[in-house]
Structure formats: C-alpha cells, structure tokens
Amino acid sequence: MVESSRSMPVSRKMMWIFWLPLLGYIVHAKLNDEFNEELFIKPFGSGHVMFHFQFTTKWNVSIADETAYSHYRLFPKSLGEVMSTYGVQELHLSQTQGLWRYRQWGYPPEDAPPGAELWTWFQSNRNKSDQAVRDKLWSNYVNALSGLFCSSLNFMDSKATVSPRWTFRPQGLASEYYSMDWRNLKYSALPREVVCTENLTPWKKLLPCDSKVGLSTLFNAIKLHDSSYQSIGLHVRPICRDAACTKSSVELKQTLTVVFDPTTSRFGRQTWSFSSMFGKPLRSQCPLASRSNVYVDITDKDIPELRFTLQQEPTEVLQFTRGSDRRTYAVFDVGEFLEQDGFLDLSADYEQKAAYKQGLEPSLYAHRFVTGFGLERGGITCQIYNNLDQNLTLIYMETIPWYFRVYYNSLSIRNKGKDIKPFKVHFVLGKDRLRPYHLEVVFRLRANSVTRINLVFDRAFLKWTEYPPDANHGFYANAAVLTTMLPYAHSYLAVQQNASLFLESFSDVSNQFFLRVHTESLLISLPTPDFSMPYNVICLACTVVAIAFGSIHNLTTRIFKTVDPKKSKGLREKVKAFFNRKKVTSEVKEADGKKLEGNDTDAEFHNKTSKTESPEKQS
C-alpha cells in the first residue's frame, strides 16, 4: 500500500509534464491567428443590389519562414503547401462571370475582369535568374492551383503570361528594391473561363468553418449563378503585425461579390431579403470568427425614388466621411441577433417600384471596342473618361494574343484632337505560338475630357489544327487594365491597402485612393476556313477507297490455284469435308421437316389426287 501511494504522485507529475506543453501550444495557436467574416450590402439606383462577402484570416507568421507551414489551425493547409513549395510572396486570383457596369454601379469592392485572372509575386530567393527555370516554376505553380480550384488555370502557359513592369505592384509588405524587380512577377488571364459550382466548392472548403455555419451558409449555388454578376477572389499577402511593423503576418482574404436584380421577381420592386436572394435566412455564426458583422449602405435611403426601410433595427448606425464622400452604414452584429431571435433574415422594403435612375458617373471609367472591317486588318480603341476637374497620371496595360499581330507604330493617344506624349512606354513584341504582345503606357489624363488610345493589328491565319471546335464564335482578347490614384472617394467602396477589414475603412483619413479598373474583354473573329469541305472530301475519299481500292486490293493480293478434282485428298481435307457434309445434311433435313409440318394439308391433297388419277396415267 505504501508503494502504491508513492507511485500516484509520480504518475500525475508525468501527466502534467505531458499536458503542459500541449496546452501551451494550444493557447499559442489560438493567439497566433484570427478570423473575421463580414458582409457588405449596397443597393444601386438601377434596381440592383450588391452583396459582398469578405472572409479574412490573419496568421502571425512570416511568409518567408518555411518552418511556419507545418502547423495549421485557421489557415488552409492545401493553400499553405502550394505557397511554401513554390515560394509565393503574394497571390491574387479572381474568377468572374459577368461584367461590372461602372457607370451604373460605381466601383466594386474588389475589381476583376471577366473570366479568370492570376498575378503572383514570387520570393526573390526562389526566383532564379534563368528564364527557363522561372518558366518551369510558373508552369508547375499554375497546374497546382488548377487542381486546387478545379479551373483551367493550366492553360496559363507562356503564350498567355507576361511580367508587367508598373501596373501590378505588391499590395503587401515589400521593400522598394523588391517592388522594382518585375522579374518576380507573373500575370496571366483567361477571358473565356466560365465560373461554375466546381469553382465555388473548393473555394468554400478553404474557409475555417467551410459552408456549415456562418455567413457562408448563404451560398446557394442556384441563386448565385442566377445573378447578374458574380466574382470569387482569393488574395494572400504579407502585412505588418503591429503599428511599428517590426514583424510581419500573412493575410488571407477570400471575397465573393454577387449582384442581384430583385425587380424581375418582385413585380418591379427592389425589395430584397436574405430569404428571397439566397433562399434561406442566416441561422448560425462561425464559432471561430472573432467578428461577424453585416453592413448595409443606407446613405440614399431617404431619396424619394430610392426610399426604403430596413425591417430590423441595426446594432448601430455609423456616419463617416471618406475623402469628402459622406456615407451612412447600418451595422448588424450577427451574434446578438442570433441570441435574441435565433436567426437573421435581413430585409429592405421599398415604398414604390424601382425607377431606373442614372446616378452620378464615377470619377474614371473606360470603354473598349474593336474597329475596322473585314478579316484582314482591324484595330482596338479604348476611350477613357476623366470626370474630375484635375489631371490624373494613368498606367494603361494591354496583353494581346499573338494571333492579333499588333503594330507598335500605330499606337496613338489623343485628347481633344491633340496627341499626348506618354511619359514611359514598355512594349514586348509577341512571337507566334510563344508569347503574347505586351504594352504598358504611362501618360497624363486631362481633366474633364475623353482620351482615346488606338492600336492597329493584323489577323493571323492559323493552322487548321489550332482552331477550336467553335471557330466561328471568335477569339478572346484580355481586358485592358487601368491603374491610377484618385483624389476623391466618390463611389469608392474598396478597403484601403493598409487595412484588412471593412470596419477599418470607416476611419480612413487618406487623401489618395488606389484604383484599378478593368475594361471589357474583346471577341474578335479570325479568318476561318470552310471546315465542311474537308468533311465532304473525307467522306468521298473513304467511299472511293472502300469500293475501288478494296476490289483492286483483293484481285492483286489473292492467290489463285488450280485444283484437280480427281486428285486424292489428304486426311485433313477428308475430315473437313466430312464435317461440312454432315452439317449441310442436318440443316437440309431440319428445313424439310419444318416444310412438311407446315404443308400437311398440301400432302393430303396430293395423296387424294394421286389415288383418283386415271388408269392411263397410273400405267
């Protein structure tokens, strides 16, 4: 008994020695990362309503520390393995279906072109100086992302990839020397990529709570794909951990922007709710989220044409001024509503039917289209509208496929009939079946004016094996990218670059606002041969071969031998003839039996007539 009493404290000490480090690691892991989910809702004067979901995960590790990618809690492991394997510094991926209408809706919280767009900054220590090594790294990287997001990113090969010099700067923490080294940057886009449920499902699985609880439970695929515009995005970058920026952290931001038109199903009214837009109310909150808020823009709710009333009382109402633009937001704390009512079915009731109203045009927008006629030579024109009363410095970027052969000497920038001399121009000549044309121009936009950028190109004649099955549909050219800094925040909804959450943008006191705008993607026809003619030729040739060549081949290859019937046959021939003869006789007997059974009446009639024949015939 004494020995057993002495052994108990020893075993307890061993258990504490085992559990204390584990408990310490759990507490450290809990404080090492943070997750927030937000939803921003904005009604438009055109009758549409935008819902912008933003899920932000902050991980307090260095993005360059390879040992940090071994223990995961909130950050998705599948994405972390891709980043650590290929040395990713920043990752920005968007997949969009539809076209954002800047004149009616203003600026989106996260701008993206139609189709898929990917641009990535690689770590300088992983990015070798050899071009072949960089191309191989990029090829393996896009193949890994293609499998992760179930999309066709593997088509982002050298024929669709460029390295911009000025357009896409690092959005996260980076040194000036690193930001100027454009060899660490790769950009590619697929304007024809279609967004479907196969892309939404793997994107949701990267969330800490998946789509089981929280704001992600509103993701009804049928409702989302029935919208006027939808875009899913994923952005990873390093950020400062504290105000002094002594340490860095990794920020993962997952966004989903969807624009609905409730007037089509509400008899012309703009009335909307969670149940009508997503098919169900919000009934849960992600337990791993530190903050779960819904923000509704109610700035224009008192305008007679747009007057609406929220059926639920908000937790608080925030009024703030951002770049001389006054906004009013209604804030709903999801946790409080779930404790009181058990669900949140946020809804807005409009007093009258929606009347289309053209609001104030944004400060800067563009319109791009194809010029020319015929199938030999064409052109691309982009009209850039500057509605501000001051000049702007703009970076314009084009990536054009190699089969649209661009003439560099045809580049012209005109404003009010006068040529504008650009500050800087970067042009990379495309090569057939190797790389696209890449153009970047830095110039000044005149105040309250329209600037036109013109390019002329020739249409290439492809090989017949290079045409897609729907060759007459046309070929796509990527959207152009415009980058500038705005002095005012009119129609500006994006979160500033030094912030992570929507809540932080309410206290934004910046006097300049970074803006990136994408134009329309172009659909251009190429000279297409008559693919029905080869089909007819193949059918005719096959018929001739089957009839003529088959007979000739038999006559020329068959061997004719003379056989003497009196010549004695061998044992093999006799056995073969015996079985053949036996088979033939059995078949004949069987046929005769069937004939006799079917013709009994005829046989009886024949017997009767044979008995009554005359004696002369019988003799």
Side-chain angles (χ1 to χ4, degrees), residues 36 38 52 54-64 75 79 82-83 86-96 107-113 116-124 127 141 145 162-189 231-243 245 247-257 323 393-395 397 440 442 479 481-486 489 492-505 508 510-518:
N36 295 276
E38 297 172 302
H52 177 75
Q54 179 170 295
F55 305 91
T56 307
T57 304
K58 182 180 177 182
W59 192 14
N60 293 329
V61 297
S62 176
I63 199 168
F75 198 90
L79 182 61
V82 173
M83 295 184 60
Y86 300 100
V88 176
Q89 179 79 7
E90 283 193 22
L91 166 61
H92 302 273
L93 172 65
S94 66
Q95 301 177 81
T96 307
Y107 298 121
E110 291 287 342
D111 195 75
E117 183 188 49
L118 172 66
W119 56 284
T120 304
W121 280 88
F122 293 94
Q123 298 177 13
S124 56
N127 196 16
Y141 171 67
L145 290 181
V162 296
S163 295
R165 291 201 173 186
W166 309 306
T167 303
F168 294 94
R169 292 297 188 190
Q171 292 189 349
L173 184 62
S175 63
E176 184 177 358
Y177 175 79
Y178 175 82
S179 302
M180 297 299 295
D181 191 359
W182 51 269
R183 294 174 301 177
N184 298 321
L185 172 64
K186 290 289 186 180
Y187 170 85
S188 185
S231 176
I232 57 178
L234 184 138
H235 308 275
V236 184
R237 61 172 185 169
I239 60 174
C240 294
R241 190 177 304 183
D242 49 16
C245 202
K247 296 181 180 180
S248 63
S249 301
V250 180
E251 178 196 88
L252 168 61
K253 183 184 297 183
Q254 295 179 246
T255 60
L256 187 146
T257 306
T393 301
L394 180 75
I395 304 176
M397 189 188 82
E440 284 186 275
V442 183
V481 185
L482 288 72
T483 308
T484 187
M485 297 294 292
L486 294 178
Y492 190 81
L493 303 177
V495 180
Q496 65 268 30
Q497 288 188 319
N498 58 353
S500 301
L501 306 177
F502 260 102
L503 187 62
E504 298 175 0
S505 63
D508 187 11
S510 305
N511 54 7
Q512 287 186 331
F513 304 92
F514 176 79
L515 176 66
R516 179 178 291 121
V517 174
H518 293 81

List the residues meeting side chain to side chain contact (heavy atoms under 4.5 Å, CB included) with [X], not counting sequence neighbours, and say none if there are none.
X	value
T257	M50, H52, W100, Y229
N511	none
W59	N32, D33, V61, Y69, Y72, F75, V250
D111	Y102, P108, H518

Evaluate the side-chain contact (heavy atoms from CB on, under 4.5 Å) criterion for residues L79 and L234: first the C-alpha distance (whole Å), next the side-chain angles of each, then the deciding distance (0.1 Å), finally the verdict. CA-CA 11 Å; L79 182 61; L234 184 138; 4.1 Å; yes
What pairs with F513 under ring pair (Phe, Tyr, Trp, His ring centres under 6.0 Å), at least two apart in sequence or on another chain? Y492
By ring pair (Phe, Tyr, Trp, His ring centres under 6.0 Å) - contacts of Y178 (at least two apart): W121
Shortest non-hydrogen contact from A112 to T96? CB-OG1, 3.3 Å
Provide the closest heavy-atom pair for P113 versus A479 in the form atom of the first, atom of the second, distance. CB-CB, 3.9 Å
Between [X] (side chain only) and [Y] (backbone N and O only), is there a donor and an acceptor less than 3.5 Å apart?
X	Y	result
Q497	F514	no
E90	R169	no
Q123	I63	yes

With sequence neighbours left out, write down each residue that passes side-chain hydrogen bond (donor to acceptor under 3.5 Å, both in side chains) with [X], or none if nothing qualifies.
X	answer
R516	none
Q254	none
T57	none
Y107	none

How many angstroms lie between atom [atom1] of [X] and atom [atom2] of [Y], to the nearest 0.5 angstrom?
X	Y	atom1	atom2	answer
S124	R183	OG	CZ	10.0 Å
L501	K253	CG	NZ	8.0 Å
R241	L173	CZ	CG	11.5 Å
Q54	L256	CD	CG	11.5 Å
T167	L482	OG1	CG	9.0 Å
C245	N498	SG	CG	11.0 Å

Intermediate values then yes/no, salt bridge (charged side-chain N to carboxylate O under 4.0 Å, His left out), R237 and E251: CA-CA 6 Å; R237 61 172 185 169; E251 178 196 88; 2.9 Å; yes
Kindly write out the residues that satisfy salt bridge (charged side-chain N to carboxylate O under 4.0 Å, His left out) with E440, not counting sequence neighbours, or none if the list is empty. none
Evaluate the ring planes of Y187 and F168, with Trp represented by its six-membered ring, and classify them as parallel (under 30°), tilted (30 to 60°) or perpendicular (over 60°). parallel
Any chance you could lay out the side-chain contact (heavy atoms from CB on, under 4.5 Å) test for L145 and L118, step after step, and finish with the verdict? CA-CA 10 Å; L145 290 181; L118 172 66; 3.9 Å; yes
